[in-house]
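Hydrogens, waters and symmetry mates play no part in the numbers below; they use all other heavy atoms, side chains included. Numbers restart at 1 for each chain; the letters A, B, ... are given by sequence-line order, proteins then strands.
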Amino acid sequence: MLGTSSDSIKFAAQNRAMLQLHTIRENTESIITALQKRNIDAEPMLSKVLDLDEKRRSIQTELDSTLAESNKLSKEIGILFKSGKAQEANELKEKTAGLKETSKQLGDELNEVAAALQDALYLIPNIPHESVPAGNTDEDNEEIYNEGEVPTLFEGALPHWELAKKYDIIDFELGVKITGAGFPVYKGKGARLQRALISYFLDKNTQAGYTEMQVPHMVNEASGYGTGQLPDKEGQMYHVQADDLYLIPTAEVPVTNLHRGDILAESDLPIKYTGYTPCFRREAGSYGAHVRGLNRLHQFDKVEIVRVEHPTNSYQALDEMVEHVKNILRELKLPYRILRLCGGDLGFTSALTYDFEVFSTAQDRWLEISSVSNFETFQANRLKLRYKDENGKTQLAHTLNGSSLALPRVLAGILENYQTEDGIKIPEVLVPYCGFDTIN
RNA sequence: GGAGAAAUGGCAGAGUGGUCGAAUGCGGCAGUCUUGAAAACUGUUGAGGGUCACACCUCCGGGGGUUCGAAUCCCUCUUUCUCCGCCA
């Protein structure tokens, strides 16, 4: 449906079953070509990696044989002592001194090179799926679907931040007082509508087979590296330095890390989770009119879906997730479109991403409300999230996630598109969750 | 926050300086038996690096140290449990 034919899926799965050193070593050229879609010249990066890799292996080999020799001597010494030949044993002991020195040196060298290699590897972004269009900016994203009527609003219709004030449902100034800009306070029916949306989304997700999880809102450094926020997005996360913890920018981080280091049985797949969490983002560098109101916040609520999949099934899973989100927006009767992100706009960790955007009628612009991605083995490789295949071999799993959905812009879309001269109508599906059908 | 105990393979649980990547049991897998299943019996069963394949190397919570040699001894950190204190 979305241009991921089964042939390309199979190819992708095989080609990247073990993305990283093996793959880089054997497919250097094709990786460089693929990364050009991200407008990256990967050649220097990769040759540095290959260089360090070669160095690492040669030091490792040398170290291994030194250790092998000293292991052998130690065993002999043990046997000699046991059989009472203390003098011969002591003679052998002297021979080990040099080996010890050598292995210490080699060990230090190895650590250094291995760390440098790790750092270099962490800087390489995921390889875009072949369906990812070339391009530099969001202008080059490819619209692949749209649905829903854009309503014609009455004269004097307002953007959501005006509506929020008019009906006293969101107080941005109050948030500034107690915290700062970008931390709104939801009041009365506004707060209730938030809670209704969270419940509604979670219900939709659990009905679709996702298991609801409540996870910590802070994570440690290892989790940040696992899903790829670190080191790439270091400055975008709130860092609690006293305890070296990060406030989560999305539930993707704690939920996907649930399986960090696991080796699953093939029959455990697929794993499907959903979770509601607040999300914290520093948004360093954002500015201008597009950050008004709910458009861009430091703290916002989101319900996320996460899947761990068999490589042969991950693109079908991606399509299912897209269909699932479509369904929700259809029920909310919001006009939306789906974009396939171009190489330049694609996130660091993703192989293929579909963005959902709701049309904000009063602002006359599209607002991103969901991002659904397949990471293939990229996160799994960092997470060491694997499964045993039918031959008993350990393979990297594929991970995926998507918002279903991010609250603030859905809220903005509802407020703006559902406004009437008599107040804001509540979408039908949300009325049972809200306990009211109009905000006035 | 204070005092004590502990951390070993999917799980349980031995192992206190040498041939231990690690007994044993359970679980898993394969086979024998069976129409099939269960039971019983036999075999097999951690991860990573390295190699064409072997060899070989690393890993017994993390890091460091002692030693020719560490799962075993020492230091340190983390986590868990018990008791005390505090507390939504």
Enquirer: Round to a whole Å and report the spacing from CZ of R386(A) to P of A47(B).
Expert: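 Those two atoms, CZ and P, are 9 Å apart.
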Enquirer: If the P atom of A30(B) is compared with that of A38(B), how far apart are they to the nearest Å?
Expert: 11 Å
Enquirer: Out of U51(B), U19(B), G18(B), which has the shortest distance to the side chain of R57(A)?
Expert: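 For R57(A), the side-chain atoms sit closest to U51(B).
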Enquirer: What is the nucleic acid contact for L73(A), judged by heavy atoms within less than 4.0 Å: base, sugar-phosphate only, or nothing?
Expert: nothing
Enquirer: Take atom P in C56(B) and the same atom in C20(B), then report the distance between them in whole Å.
Expert: 15 Å
Enquirer: Without decimals, in angstroms, what is the distance between L106(A) CG and C57(B) P?
Expert: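 Rounding to the nearest Å, CG of L106(A) and P of C57(B) are 15 Å apart.
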Enquirer: Using atom NZ of K104(A) as one end and atom P of C68(B) as the other, report the distance to the nearest whole Å.
Expert: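 For the pair K104(A) NZ and C68(B) P, the rounded distance is 15 Å.
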Enquirer: Roughly how far apart, to the nearest Å, are A7(B) and G61(B) at atom P?
Expert: 8 Å
Enquirer: Between C68(B) and G63(B), how far is it from one C1' atom to the other, in whole Å?
Expert: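 It comes out at 24 Å once rounded to the nearest Å.
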Enquirer: Which atoms form the tightest heavy-atom contact between G228(A) and R382(A), and what is the distance?
Expert: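 So the two residues come closest at CA-NH1, 3.3 Å.
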Enquirer: Roughly how many Å apart are U72(B) and G18(B), using the P atom of each and rounding to a whole number?
Expert: 12 Å
Enquirer: Nearest to the side chain of L67(A), which nucleotide is it out of C68(B), C57(B), G48(B)?
Expert: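 From the listed options, C57(B) comes nearest.
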Enquirer: Quickly work out the K72(A) NZ to C57(B) C1' distance and round it to whole Å.
Expert: 15 Å
Enquirer: Look at all strands and tell whether K388(A) reaches a base, only sugar-phosphate, or nothing, counting heavy atoms closer than 4.0 Å.
Expert: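 It contacts sugar-phosphate atoms only.
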Enquirer: Sub-3.5 Å donor-acceptor pair from the side chain of K272(A) to the main-chain atoms of A208(A), do we have one?
Expert: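 Side chain of K272(A) to backbone of A208(A), a donor-acceptor pair under 3.5 Å: yes, one is there.
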Enquirer: Could you work out the separation of G10(B) and C29(B) based on their C1' atoms and round it to a whole Å?
Expert: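 Roughly 13 Å separates the two C1' atoms.
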Enquirer: Could you tell me whether the side chains of Y433(A) and D203(A) share a donor-acceptor contact shorter than 3.5 Å?
Expert: yes
Enquirer: Looking only at the side chain of K100(A) (C-beta and beyond, no hydrogens), which of the listed nucleotides A47(B), G49(B), C68(B) gets closest?
Expert: C68(B)
Enquirer: Would you say K55(A) has more than 12 foreign heavy atoms packed within less than 6.0 Å of its NZ?
Expert: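 Atom NZ in K55(A) is not crowded, with 12 or fewer foreign heavy atoms closer than 6.0 Å.
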Enquirer: Grab the CG-C1' distance between L110(A) and G50(B) for me, whole Å please.
Expert: 12 Å
Enquirer: N71(A) side chain: which of U19(B), C68(B), C57(B) is closest?
Expert: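 Output: C57(B).
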Enquirer: What is the separation between atom CG on D244(A) and atom C1' on U78(B), rounded to the nearest whole Å?
Expert: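 In whole Å, U78(B) C1' lies 13 Å from D244(A) CG.
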Enquirer: Will you find, in the side chains of R292(A) and N295(A), an N or O donor that is under 3.5 Å from an N or O acceptor?
Expert: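 There is no such pair between these side chains.
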Enquirer: Quick check on RNA chain B: between D64(A) and Q60(A), whose nearest nucleotide comes earlier from the 5' end?
Expert: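 Nearest nucleotide further toward 5': that of Q60(A).
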Enquirer: Expressed in angstrom and rounded to an integer, what is the separation of E62(A) atom CD from G50(B) atom C1'?
Expert: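 Taking CD of E62(A) and C1' of G50(B), I get 15 Å after rounding.
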Enquirer: Nearest to the R56(A) side chain among A47(B), C68(B), G49(B), which nucleotide is it?
Expert: G49(B)
Enquirer: On the six-membered ring of Y418(A), is K425(A) placed so that its NZ or CZ lies under 6.0 angstrom from the centre and within 45° of the ring axis?
Expert: no
Enquirer: Determine the contact category for I263(A): base if any of its heavy atoms lies under 4.0 Å from a base atom, sugar-phosphate if only primed atoms, P, OP1 or OP2 are that close, otherwise nothing.
Expert: sugar-phosphate
Enquirer: Looking only at the side chain of S74(A) (C-beta and beyond, no hydrogens), which of the listed nucleotides U19(B), G49(B), G18(B) gets closest?
Expert: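 For S74(A), the side-chain atoms sit closest to G18(B).
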Enquirer: Give me the distance, rounded to whole Å, that separates C54(B) from A47(B) when you measure between the P atoms they each carry.
Expert: 15 Å
Enquirer: Could you give the distance separating G13(B) and G4(B) at their C1' atoms, to the nearest angstrom?
Expert: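 Straight-line distance between the two C1' atoms is 23 Å.
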Enquirer: May I ask you to say what N90(A) touches in the nucleic acid, namely base, sugar-phosphate or nothing, with a heavy-atom cut-off under 4.0 Å?
Expert: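 No contact at all - N90(A) keeps every heavy atom at 4.0 Å or more from the nucleic acid.
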Enquirer: Whole angstrom is fine here: how far is it from CD in E54(A) over to P in G50(B)?
Expert: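 Taking atom P of G50(B) as the reference, CD of E54(A) is at 13 Å.
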Enquirer: How are the rings of F348(A) and F378(A) set relative to one another: parallel (under 30°), tilted (30 to 60°) or perpendicular (over 60°)?
Expert: perpendicular
